[in-house]
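Read the structure below first, then the notes.
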Amino acid sequence: MAILEILEYPDSRLRTKAEPVTDFGAELQQQIDNMFETMYEAPGIGLAATQVNFHQQLIVIDISDDKSSPLVLINPKITEKKGVEQREEGCLSFPGVYAKVERADAISVEALDRNGKAIKLEADDLLAVCIQHEIDHIEGRLFVDYLSPLKRDRIKKKLQKLQKSR
Ligand code: NI
């Protein structure tokens with residue numbers, strides 16, 4: 001396995017719209033394993049393929065404290081949304097940045113698992129927020145898009161400064 005480089009805002013590649021996964025072979029399996037390793041190492045609770053410059057509709061999630069609930073969602077679609085919730089979000093592409101975002105409180109999702117088998121799941125609370133955040137990534141959307149232009153600009157300057165100082 002390998003740790004992958006995570007693209008950081010305002011890298012324009014984060015705006016790429018991912019293509020559906022069609023090949024579930026060894027290369028994809030390796031990509032999934034590498035993404036889990038990268039996410040756990042960061043550490044984070046979700047990672048979209050877009051963030052590691054792999055532009056297929058693939059996300060990995062684990063909201064547990066002990067790496068016990070790995071979830072792979074491929075070509076995911078939200079089929080139902082219920083309620084509204086505001087929660088503070090962070091993102092591995094925005095080190096040190098947190099902001100409140102409003103999203104659906106409960107969702108239904110249809111996706112494929114890592115073997116291409118269809119799955120349906122219901123999620124609420126943190127998992128629902130995480131799935132919505134990651135699906136945004138594969139569509140080229142970022143959580144700062146929900147903030148005011150002023151706030152977004154401030155975050156952009158902060159991150160550009162951080163990137164220059166490395
Ligand atoms: Ni993110």
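Not measured: the values here are computed from a predicted model. The figures that follow rest on heavy atoms only: side chains count, while hydrogens, waters and symmetry mates do not. Both counts, for ligands and for their atoms, begin at 1 and track the order of listing.
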What donor-acceptor contacts under 3.5 angstrom involve side-chain atoms of residues 20-27, with partners at least two apart or in another chain?
| unit_1 | atom_1 | unit_2 | atom_2 | d |
| --- | --- | --- | --- | --- |
| Asp23 | OD1 | Gly25 | N | 2.9 |

Euclidean distance, Ile131 CD1 relative to Leu71 CG, rounded to 0.5 Å: 6.0 Å
With a 6.0 Å cut-off (strictly less than), is the heavy-atom count around CG of Asp65, excluding the residue itself, greater than 12? no
Between Phe143 and His133, how do the two ring planes meet: parallel, tilted or perpendicular, split at 30° and 60°? tilted
Any pair counted as ring-ring contact (aromatic ring centres under 6.0 Å, His included), so long as it reaches residues 49-83, sequence neighbours left out: none
When the side chains of residues 32-39 are checked against the rest of the protein, which donor-acceptor pairs come out under 3.5 Å, sequence neighbours left out?
| unit_1 | atom_1 | unit_2 | atom_2 | d |
| --- | --- | --- | --- | --- |
| Asp33 | OD1 | Arg114 | NH1 | 3.4 |
| Asp33 | OD1 | Arg114 | NH2 | 3.0 |
| Asn34 | OD1 | Ala2 | N | 2.8 |
| Asn34 | OD1 | Gln30 | NE2 | 3.2 |
| Asn34 | ND2 | Gln30 | O | 3.4 |
| Glu37 | OE1 | Ala2 | N | 2.9 |
| Thr38 | OG1 | Leu4 | N | 2.8 |
| Thr38 | OG1 | Asn34 | O | 2.7 |

Which protein N, O or S atoms lie under 2.8 Å from the Ni ion (ligand 1)? Cys91 SG, His133 NE2, His137 NE2
